[in-house]
Amino acid sequence: MSLFDRVVRLGLPLVPRRMVWILARRYVAGETLESALDEIREQGARGFGTILDVLGEAVKSKERAEGAAAEYHRALAALAQSPSRTYVSVKPTHLGLTFDPALCGRLLDDLCVRAAEQGRKVRFEMEDAPTVDRTLEVFLRVRAKRENLGCVLQARLFRTPDDVTRLLRELGGGLDVRLVKGIYLEPAEIAHTEAPDISRAYVDLARQLVAGGAFAAFATHDDDVAAACAQIARDAGLGDGRDPDAARYEYQMLMGVKAPMAERLLAEGHPVRIYVPYGKDWHAYSIRRLRKNPEVARHIARAFFSRGG
Ligand SMILES: Cc1cc2nc3c(=O)[nH]c(=O)nc-3n(C[C@H](O)[C@H](O)[C@H](O)COP(=O)(O)OP(=O)(O)OC[C@H]3O[C@@H](n4cnc5c(N)ncnc54)[C@H](O)[C@@H]3O)c2cc1C
C-alpha cells in the first residue's frame, strides 16, 4: 500500500458523511428495510442466497439492544411474506454483549425462535478479540437449545484452531461456522498480521472444519483462498451445489465486492450467499469496507480535487 493510500485511509473518518455515502452505497442496501428487501429480491433473481444484516454495533443501553432486536423481528416478519433463501446475521455488541451478556443471550434466543419458525438460520458474528470469549460463551449457551444458530471464526487469530477443536467437540456435525479472515486488526501477540499467513491459516481452518463434519461458509473474496476451499469441498464430496440447501458448504460475499467472482462461483455450481446490510448506522461499517478497498484513495482524491479542494 502506498504512503498516499495509507494517509487517505487514516483520514477516512474525517471525510464528510455525504462524501462517504457516495463511495459507500455500493456496500449498503440503504437506510430502510424496504431497500434491503429490494436488494434481496434482485440477488435472489440472479440465483444468490442472501444474508440480512441490520447495521449497528457497540450499543450501550438495554433500550438500544432491544431496539436492534425489534428491528430484526420486523425484518423477519417482512421476510415471511415472500419466499427467499435469506437468513439473518447479528453482531454480538449490537445486542448488548459488552454490558449485559445475559440480555444479549435472551435477545439472540428470541431471534432464533422466530427465525426457526420460518426455517431460517441466525448467524452470531464475531467482533474484535476482547469480545471473542464472551461471544462464544453466549453462542454455546443459546446453541444448546437452538439448532439454527451458527457462529463466525476469524482466521487471523492464533486461538481459532483451538476454538474449532472445542466447538467440534461440543457440537460435532451440528457446528455451523462462517469462516472469515477477520476485519479487526489485532496485535501480533495474538494474531497473524501478514496477508500470506492469514490466508494459510484460513485454508488450514477450512480443512479442519470440513474434516470435523461442520457446515462451512467460506466468506472470502480472495480468489486463491476460494479455490483452495473449493478443492477441500470437492475432496470431501460436500455436494455439487445443484441443491444449495443440501450442500454442506457455501461461499459468502459482501454486497458490492467482486460481483464477477460471485457470478463465477455460482456458474461453477457452488452455493453463494450475498451479505446485504442496511440501516441508519451505515457509517462505521462503510469506513471499514472502504479501508479494505484499494480504489478508495483514488476515489477520494478525485472527489476532493473535483470540488476544487
Ligand atoms: C459474508 C461476510 C461476512 C463477514 N463477517 C465478518 C465477521 O463477522 N467478523 C469479521 O471480523 N469479519 C467478517 N467479514 C470480513 C472478513 O473478515 C474480511 O475482512 C473480508 O472478507 C476481506 O477478506 P477477504 O477474505 O475477502 O480477503 P482480502 O485479501 O481482504 O480480499 C481479497 C480481495 O478482495 C477484494 N476486496 C476485499 N474487500 C474489498 C472491499 N471492501 N472493496 C473492494 N474490494 C475488496 C480486493 O480485491 C482484495 O484483494 C465478513 C466477510 C464476509 C464476506
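Read the numbers this way: they start at 1 and go in the same order the structure lists the ligands and their atoms.
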Among [options], closest by any non-hydrogen atom to [atom]:
atom: atom 47 (O) of ligand 1; options: Lys258, Met126, Lys91; answer: Lys258
atom: atom 1 (C) of ligand 1; options: Gln154, Met261, Gln252; answer: Gln252
atom: atom 24 (P) of ligand 1; options: Leu157, Ile274, Leu153, Thr220; answer: Thr220
atom: atom 28 (P) of ligand 1; options: Lys181, Arg26, Arg156, His221; answer: Lys181

Heavy atoms only, cut-off 4.0 Å: how does [X] contact ligand 1, side chain, backbone, both, or neither?
X: Met253; result: backbone
X: Val152; result: side chain
X: Arg178; result: side chain
X: Val257; result: side chain
X: Tyr202; result: neither

### Task
Validate the cation-pi geometry between Lys62 and Phe99: distance from NZ or CZ to the six-membered ring centre under 6.0 Å, angle to the ring axis within 45°.
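No, Lys62 and Phe99 do not form such a contact.
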### Message
Given the ring of Trp282, does Arg17 sit roughly above its face, with NZ or CZ under 6.0 Å from the centre of the six-membered ring and within 45° of the axis?
### Response
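Yes, a cation-pi geometry.
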Under 3.5 Å, is there a donor on one side chain and an acceptor on the other for [X] and [Y]?
X: Asp53; Y: Tyr278; answer: no
X: Glu57; Y: Thr93; answer: no
X: Arg178; Y: Ser89; answer: yes

### Sub-3.5 Å N/O-N/O distance, Ile183 and ligand 1
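It does: an N or O of Ile183 is found under 3.5 Å from an N or O of ligand 1.
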